[in-house]
Participant: 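Structure in structure tokens, see below.
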Amino acid sequence: MADMFFTQGWECMYIRVLGSAAGGGVPQWNCRCRVCTLARTQPKLVRPRLHASLGVSADGDRWVLCNAGPDVQQQINRFNPLLPQQAIRGTGISAVVLNGADLDEVLGLFQLREDAPLRVYGTARVHRALKEELRLLPTLAAYCGVNWQGIELGHDIELRGADSAPTSLRCRAFPVAGGPPPYAGHRDEGMPEDTVGLLLTDQTNGARLAYVPSCGEITPGLIALLQSVDCVFFDGTLWHDEEISAIGVSGRTGRSMKHLPLAGPNGTLEQLGSLRNRRLLTHLNNTNPILIEDSPERALVEAAGWQIAEDGMELKL
């Protein structure tokens, strides 16, 4: 049923939510918090989720992935347009664009090693982390290799596939509050290129999508950018700042992990209350009560005009 959505010949931007969870997915493999328990026992009440990622296309054939997490193989197998269509080997994936170098954003690149050289877009800081710290790029060089394409903050670039064919999508990376991944040796030297939001534009109809799965601070400039697009996918990791420490598994707060909480003074719902475009929350942590279908927290989010991104959800702009 989902695949029929992309075979009608519409001239629009197509969006497939490949995954909508934060690190560990939902349920997280080593967690028995209330949300994870419900996801295992009552999946209609808490829907299981894979790691956050989007598939975006301007024609329904050539797809750009926003990040390639550890679930990428499952995500591909659940969505026919990403599978080989005629040749024995192949894929509908033209390129991968990275928000950062966190493991949940890049581990899937290892799993895509059986195809032609991957075309991957990212900032210079992300390139450094993947080349020097994680050693992902040197490792893939022994398999399919990577056709790395650099992104400079604030500059629009045309996204192309591994064969250099255009995808009819343009991308601009913009800085958001974040930092380098924990494995990076330069983790205490946070720079604007460590974590970025992605602004994707369909060159055929002008539709604009902002994908911001991680954000630790909302600035006036960010609000203005989000107001200018047709659709926003935004960081919904945690409901409140001490959510993880409250269940006794970590002393860290959401803000210390560069994830602004949804609720409370200066939370996401308050600061982005002026948005009137289509807006969805993604990168949802397994502890977040908005994952529970009938929770009061979810009702508050929906009353504020936000949707909860679901795996398999499809949109067109």
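Count residues from 1 along the sequence. Note: hydrogens, waters and symmetry copies are ignored here, and every other heavy atom, side chains too, is used.
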Participant: Hey, are Arg125 and Thr195 close enough side-chain-wise for a donor-acceptor pair under 3.5 Å?
Facilitator: no
Participant: Is any side-chain heavy atom of Arg160 closer than 4.5 Å to one of Tyr121?
Facilitator: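 Yes, side chains in contact.
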Participant: Just wondering, do Pro182 and Asp102 contact through their side chains at under 4.5 Å, heavy atoms?
Facilitator: yes
Participant: Could you check if a side-chain atom of Leu209 sits within less than 4.5 angstrom of a side-chain atom of Val56, using non-hydrogen atoms only?
Facilitator: yes
Participant: Would you indicate whether the side-chain heavy atoms of Ile93 and Leu118 approach each other to under 4.5 Å?
Facilitator: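 No - every pair of side-chain heavy atoms lies 4.5 Å or more apart.
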Participant: Do Asp235 and Val212 touch side chain to side chain, with heavy atoms closer than 4.5 Å?
Facilitator: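 Asp235 vs Val212: side chains apart.
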Participant: Judged by modelled atom types alone, do Thr167 and Arg62 share a side-chain donor-acceptor pair under 3.5 Å?
Facilitator: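 On atom types as modelled, these side chains do not qualify, holding no pair under 3.5 Å.
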Participant: With Asp311, which of Leu18, Leu50, Val26 fulfils side chain to side chain contact (heavy atoms under 4.5 Å, CB included)?
Facilitator: Leu50
Participant: Side chains of Asp59 and Ser168, heavy atoms from C-beta outward: is any pair under 4.5 Å?
Facilitator: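 Side chain of Asp59 against side chain of Ser168, heavy atoms only: no contact under 4.5 Å found.
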Participant: At what distance, to the nearest 0.5 angstrom, does CD of Glu310 lie from OG of Ser20?
Facilitator: 6.0 Å
Participant: Output all residues satisfying ring pair (Phe, Tyr, Trp, His ring centres under 6.0 Å) with His127, sequence neighbours left out; order by chain, then residue number.
Facilitator: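 Result, ring pair (Phe, Tyr, Trp, His ring centres under 6.0 Å) vs His127: Trp148.
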Participant: Please answer: with hydrophobic residues joined when any side-chain heavy atoms are less than 4.5 Å apart, are Trp306 and Leu291 in the same cluster?
Facilitator: yes
Participant: Salt-bridge test for Asp241 and Arg255: reply yes if a basic N is under 4.0 Å from a carboxylate O, no otherwise.
Facilitator: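 Yes, Asp241 and Arg255 are salt-bridged.
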Participant: Do Gln203 and Leu169 have side chains that get closer than 4.5 Å, going by heavy atoms?
Facilitator: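 Answer no - side chains too far apart.
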Participant: Excluding sequence neighbours, so at least two apart, what forms ring pair (Phe, Tyr, Trp, His ring centres under 6.0 Å) with His283?
Facilitator: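 His259.
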